[in-house]
Engineer: 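What follows is a single structure, and I will ask about it in a moment.
What you see below is based on every heavy atom in this structure, not just the backbone, and it leaves out hydrogens, waters and symmetry mates. Quick caveat, the model's predicted, so the values are computed rather than measured.
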Amino acid sequence: MKDVLLIALFALGGAACAGVLGAGVLRLVRRRSVAVSLAVIAGVTVTAMLAGTLAVAEAMFLSPHDLGVVTLVVAMAAVVSLATALLLGRWVVARSRELSMAARDFGDGGRFAAPPGQTTAELEALSRELAATSDRLAASRERERALEASRRELVAWISHDLRTPLAGLRAMSEALEDGMAADPGRYHRQIRTEVERLNTMVGDLFELSRIHAGALALSPSRMSLYDLVAEALSGVDPLAREHGVRLVGEAVERVPVEVDAKEMSRVLANLLVNAIRHTPADGTVAIAADAGADGGVVVLSVTDGCGGIPAEDLPRVFDTGWRGAVARTPVPAAGAGTGSRAGAPVGAGAGLGLAIVRGIVEAHAGRTAVHNVPGGCRFEVTLPVTAAAAS
């Protein structure tokens with residue numbers, strides 16, 4: 001038993017010396033190729049075995065012949081180990097280079113495609129992560145392109161919509177200045193109308209900029225959705241009368257919600273004004289609110305008689321600046337058109353109202369949707385009963 005312990009100690013001492021030396025070498029080559037590291041590991045393994053064997057052989061006074069045989073066996077093992085380590089290292093390096101090239105391609109704007117063939121579990125996991133990252137980057141690029149296109153359209157439309165009232169204001173002011181206005185009072189009233197229109201447009205732009213910047217601070221309080229709807233209906237009733245549109249708000253449950261009253265009133269006002277302006281005279285705009293099927297949300301809907309939205313435009317309704325395919329002019333008064341939804345969403349004609357609606361609702365942890373219904377379309381706002389207010 002004592003001899004076995006001595007042999008173990010001598011072997012451990014020799015192997016430990018080789019291991020310490022190998023650890024130093026690995027530290028020196030840690031920035032080199034993995035093939036070099038694998039070769040060092042194989043060399044350390046064989047050297048540790050050889051060192052332990054030599055230490056035991058020296059202590060046991062083996063004959064030179066026996067020691068030569070043992071050394072030859074260890075040398076052959078070293079050759080095979082190093083060859084295997086180099087082959088494995090070259091294979092891993094080749095797969096790593098292929099993965100690097102594939103990653104470089106999707107980094108330059110393409111899509112990641114995992115290299116064909118088998119690979120190690122770690123490289124396979126890395127390929128899956130790169131593929132998932134590639135999909136997220138592609139979706140992000142698509143959103144960025146859509147946002148940039150929306151911004152360009154918005155700038156163009158805002159420029160047009162600002163030019164029209166400013167040109168009118170300039171013409172009326174010059175007429176008043178030159179004494180050419182036959183009815184100065186009417187000119188003054190028209191100037192006030194145009195100024196209010198410009199003020200509304202600037203207010204919408206400011207609100208939208210706060211939403212996009214994440215600076216929309218909410219002050220939620222618990223209240224009844226019925227009260228919010230009643231207040232919104234009373235606010236848009238004069239506009240509905242002017243357009244000859246009937247408002248219906250009987251299907252509104254007294255559901256308590258925790259929302260910012262000011263911002264949610266703006267949501268309801270935008271939806272109702274939008275519906276009224278696109279519903280023909282003698283048409284009906286209906287608002288309803290009830291608890292969802294699971295009781296955790298409340299669904300608010302505004303249904304109009306606009307005639308419907310083309311299916312290809314439905315996904316863009318809440319985009320900034322979307323206004324359909326008609327000319328960028330204010331919506332005509334009641335009776336001047338057929339009520340088709342091809343015109344501007346809301347506000348001063350700049351296509352900002354519904355984008356503001358979506359931004360405010362999402363800040364309340366809710367979501368928006370629009371669907372075509374017979375004779376018109378229905379805008380839906382889904383809110384949690386206790387909205388998670390964003391700051």
Side-chain angles (χ1 to χ4, degrees), residues 157-158 161 165 193-208 211 225 227-249 252 259-289 300-309 317-324 326 328-361 368-370 373 376-381:
W157 295 351
I158 287 293
D161 289 338
T193 299
E194 295 297 335
V195 170
E196 290 178 352
R197 179 183 170 201
L198 290 174
N199 182 66
T200 300
M201 187 183 301
V202 172
D204 285 347
L205 284 171
F206 177 71
E207 183 77 3
L208 196 62
I211 292 172
L225 190 59
D227 295 334
L228 282 173
V229 171
E231 181 180 350
L233 287 174
S234 63
V236 300
D237 184 66
L239 181 64
R241 293 178 181 274
E242 178 185 350
H243 284 71
V245 175
R246 186 167 64 96
L247 295 176
V248 176
V252 179
V259 296
D260 186 305
K262 177 183 176 182
E263 299 297 340
M264 195 51 60
S265 295
R266 180 163 193 160
V267 168
L268 296 177
N270 280 9
L271 291 175
L272 288 170
V273 170
N274 184 65
I276 291 170
R277 288 180 173 176
H278 293 91
T279 298
D282 298 329
T284 299
V285 171
I287 185 169
L300 172 70
S301 64
V302 175
T303 306
D304 58 31
C306 68
I309 301 174
V317 169
F318 291 99
D319 289 351
T320 302
W322 181 85
R323 300 191 301 178
V326 298
R328 277 72 165 161
T329 54
V331 178
T338 62
S340 172
R341 175 66 74 177
V346 74
L352 305 180
L354 294 181
I356 292 173
V357 167
R358 180 174 63 178
I360 295 175
V361 171
T368 55
V370 59
V373 296
C377 60
R378 180 172 65 248
F379 287 83
E380 294 183 351
V381 171

Engineer: Evaluate the side-chain proximity of I276 to L247: yes if any heavy-atom separation is below 4.5 Å, no if none is.
Structural biologist: yes
Engineer: Looking at every heavy atom in both G249 and L233, which two are closest together, and how far apart are they?
Structural biologist: CA-CD1, 4.0 Å
Engineer: Checking T303 now: which residues fulfil side-chain contact (heavy atoms from CB on, under 4.5 Å) with it, not counting sequence neighbours?
Structural biologist: V373, R378
Engineer: Counting heavy atoms not belonging to D282, are there more than 12 under 6.0 Å from its CG?
Structural biologist: no
Engineer: Return the minimal non-hydrogen interatomic distance between F318 and L354, and the atom names on each side.
Structural biologist: CD2-O, 3.3 Å
Engineer: Going by the rule side-chain contact (heavy atoms from CB on, under 4.5 Å), which residues pair with A286 if we only count those two or more places apart in sequence or in a different chain?
Structural biologist: V248
Engineer: Which atom pair, heavy atoms only, marks the closest approach of L300 to V229?
Structural biologist: CD1-CG2, 4.1 Å
Engineer: Taking the side chain as every heavy atom from C-beta outward, state whether T368 and V267 have any pair of such atoms under 4.5 Å apart.
Structural biologist: no
Engineer: At their closest point, which heavy atom of V252 faces which heavy atom of A288, and how far apart are they?
Structural biologist: CG2-CA, 4.2 Å
Engineer: Could I get the full list of side-chain hydrogen bond (donor to acceptor under 3.5 Å, both in side chains) partners for R266, not counting sequence neighbours?
Structural biologist: D204
Engineer: Less than 4.5 Å apart, any side-chain heavy atom of V236 and any of V285?
Structural biologist: no
Engineer: Give the minimum heavy-atom separation between C306 and T279, together with the two atoms involved.
Structural biologist: N-OG1, 4.3 Å
Engineer: Report yes if some heavy atom in the side chain of E231 is under 4.5 Å from a heavy atom in the side chain of D227; otherwise report no.
Structural biologist: no
Engineer: When rounded to the nearest 0.5 angstrom, what distance separates CD in E194 from CD in E196?
Structural biologist: 10.0 Å
Engineer: Mind listing the closest non-hydrogen atom pair of S265 and L228 along with its distance?
Structural biologist: OG-CD2, 3.7 Å
